[in-house]
Amino acid sequence: YKDLNDKENLKNQILYVLNYLGYDFSYNPPNFTGTKNYGIYRDRWYSLDEYMATFFDNSKTRTIGILESTMYIVSQQLHPTNAIIESLESKGYNVIPVYAAGGSSEQLKVMLESWTSAGSDISGFLENSQNYQTYVDAIVSMVAYGVGGENFTKGTDFFEEMGVPVFRAVHSDYVSNEMWELGSTGLTTEKSDKWWHITIAETQGIIDATFVGGQSSYISNVTGAKIVTYIPYKRNVELLADRIDAWVDLKYTSNADKLI
C-alpha cells in the first residue's frame, strides 16, 4: 500500500489496518501503480490523453502549464500548487501540472512531452519550434534553482521558443504567511531564498516572482497529528492568477486594440 502517489491505495491501507484491528471494513488489495521520475500528476500520474479526458473542459480555450518538483508529491505538500490550479480553473483555464526532480534534465523532458507535440525531440523543437504545436498560453514555474539542471541553457532556450510568459510562484521554507504579511523584507537573504527562488529564475526569463505560500504546521482535527506543509497565501495566489490572466488576454488582443 506504500504508494504515496495513489489516493486509492492510501485509503485501502487505512481500511486494511482497521480491519486487522478487528473492525469490520471491506478493502481492496494493493494495486501498485509505481512511481515515475517525471510526468503529469494530479491525484495520480496521468498520460496527457488521460489527463485531458479527465480534467479538461472543452469549452475552455486557454491552458496554463505548471512545473513543480516531484519531492512535493512524495511529501504530499501540494497545497500551493493545487490552490493555483483551482484559481486558474475558476478563471476559465485548463491547467496541465507537470512534475520532475528539482534541478534535473527531466524537467525539460516533461515540459517538452506534455506541453508540445515534439515528443522527446528537444533538438528539433529548439531548432524549428514553428513545426510543432504548443499547448499552453503561459507557464508557472514553482521550482527552486534553475530549470533543466545540466540542460540549463536548453531550458532557457525552451522558454524562449515557447513564446509565452513564464511566471515564478514561490513557496518558502523559511517565511511563513504571517511573516510575509507582517514583515517588510519579503524573502530571506541569509537563507538564500532570493537567490535560488528569484535571481536564477530571472536569468531564464522567468518573471513576476510571487510568494504563494509559506511552510507552517497545524494539528489535524481528524488524527491529532502535527502536519507540516505549505499553506497557500490566498491573496497572492489570486494576484498571480490575475496577472497570468491579464498577460494571456494581451496575447489574444489585436495589436490595434493594445495601448502602448
Side-chain angles (χ1 to χ4, degrees), residues 4-5 38-43 64-91 93 95-104 106-107 110-111 138-149 155 159 165-218 220 226-245:
L4 289 177
N5 300 324
Y38 65 90
I40 299 172
Y41 183 89
R42 190 87 170 231
D43 55 338
I64 308 299
I66 297 180
L67 174 66
E68 179 57 294
S69 171
T70 48
M71 68 179 289
Y72 300 112
I73 295 176
V74 175
S75 63
Q76 293 292 286
Q77 294 177 315
L78 297 177
H79 302 73
T81 310
N82 291 337
I84 294 172
I85 292 173
E86 291 170 7
S87 181
L88 288 169
E89 288 181 336
S90 73
K91 295 181 184 300
Y93 290 89
V95 182
I96 306 176
V98 301
Y99 294 81
S104 70
E106 282 77 17
Q107 291 174 321
V110 74
M111 293 190 295
I139 295 168
V140 180
S141 173
M142 302 188 68
V143 298
Y145 310 107
V147 175
F159 290 142
V166 185
F167 299 86
R168 182 72 176 93
V170 178
H171 48 74
S172 175
D173 290 341
Y174 307 108
V175 177
S176 66
N177 291 351
E178 294 77 12
M179 292 168 65
W180 179 268
E181 182 75 29
L182 299 174
S184 59
T185 59
L187 297 175
T188 64
T189 299
E190 65 272 14
K191 297 292 186 179
S192 299
D193 255 6
K194 293 178 181 177
W195 173 70
W196 68 50
H197 282 305
I198 299 177
T199 305
I200 297 177
E202 288 179 343
T203 67
Q204 293 190 291
I206 302 173
I207 63 172
D208 275 356
T210 305
F211 175 83
V212 295
Q215 193 176 79
S216 188
S217 62
Y218 62 93
S220 170
K226 180 180 179 181
I227 308 297
V228 178
T229 188
Y230 297 95
I231 306 298
Y233 189 60
K234 294 183 179 180
R235 185 167 69 181
N236 279 12
V237 169
E238 291 301 313
L239 173 64
L240 175 64
D242 286 341
R243 285 175 173 170
I244 294 169
D245 191 36

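Only this structure's heavy atoms are used, side chains among them; waters, hydrogens and symmetry mates stay out. A quick note: this is a predicted structure, and the numbers were derived from the prediction, not measured.
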Partners meeting salt bridge (Lys or Arg N to Asp or Glu O under 4.0 Å) with Arg42 (sequence neighbours left out):
Glu89
Working to the nearest 0.5 angstrom, can you tell me the gap between Asn236 CG and Ile84 CD1?
10.0 Å
CZ (Arg243) and CZ (Phe167) are apart, to the nearest 0.5 Å, by 9.0 Å
So CG of Leu240 and CG of Leu88: to nearest 0.5 Å the spacing works out to 7.0 Å
For the pair Asp245 and Tyr93, evaluate side chain to side chain contact (heavy atoms under 4.5 Å, CB included) and give the outcome as yes or no after the intermediate values.
CA-CA 9 Å; Asp245 191 36; Tyr93 290 89; 2.5 Å; yes
Give every residue pair that meets the salt bridge (Lys or Arg N to Asp or Glu O under 4.0 Å) criterion with at least one member in residues 198-208, sequence neighbours excluded.
none
By side chain to side chain contact (heavy atoms under 4.5 Å, CB included), which residues pair with Lys194, not counting sequence neighbours?
Leu187, Thr189
Smallest separation among heavy atoms of Val166 and Ser141, with atom names:
CG1-CB, 4.5 Å
CD1 on Ile40 to CD1 on Ile96, rounded to 0.5 Å:
6.0 Å
Heavy-atom closest pair, residues Ile198 and Ala209:
CG1-CB, 3.8 Å
Apply side chain to side chain donor-acceptor pair (under 3.5 Å) to Tyr145 and list each qualifying residue two or more places apart in sequence or on a separate chain.
none
Taking salt bridge (Lys or Arg N to Asp or Glu O under 4.0 Å) as the cut-off, I'd like each qualifying pair that reaches into residues 226-241, sequence neighbours left out, listed once.
Lys91-Glu238, Glu181-Arg235
Please assess Thr81 against Tyr99 for the test side chain to side chain contact (heavy atoms under 4.5 Å, CB included), listing each intermediate value before the final yes or no.
CA-CA 11 Å; Thr81 310; Tyr99 294 81; 3.4 Å; yes
Got a sec, which residues hit side chain to side chain donor-acceptor pair (under 3.5 Å) with Glu178, two or more places apart in sequence or on another chain?
Ser176
Non-hydrogen atoms of His79 and Tyr230 that approach each other most closely
CB-O, 3.2 Å
If you take all heavy atoms of Trp180 and Val175, which pair is closest and at what distance?
N-CG1, 3.8 Å
Locate the shortest heavy-atom distance separating Asp43 from Tyr41; write the atom from each residue and the value.
O-OH, 3.4 Å
May I ask you to test the Val147-Met111 pair for a side-chain heavy-atom distance under 4.5 Å?
yes
Residue pair Val228 / Gln215, side-chain heavy-atom distance below 4.5 Å:
yes
Going by the side chain to side chain contact (heavy atoms under 4.5 Å, CB included) test, name the single residue among Phe211, Tyr233, Tyr72 that passes it with His171.
Tyr72
So how far is it from Asn177 CG to Ser172 OG, rounded to the nearest 0.5 Å?
10.0 Å
At what distance, to the nearest 0.5 angstrom, does OG of Ser216 lie from CD1 of Ile227?
11.5 Å
Indicate the atoms forming the closest heavy-atom contact of Arg168 with Val170, along with that distance.
CG-CG2, 3.9 Å
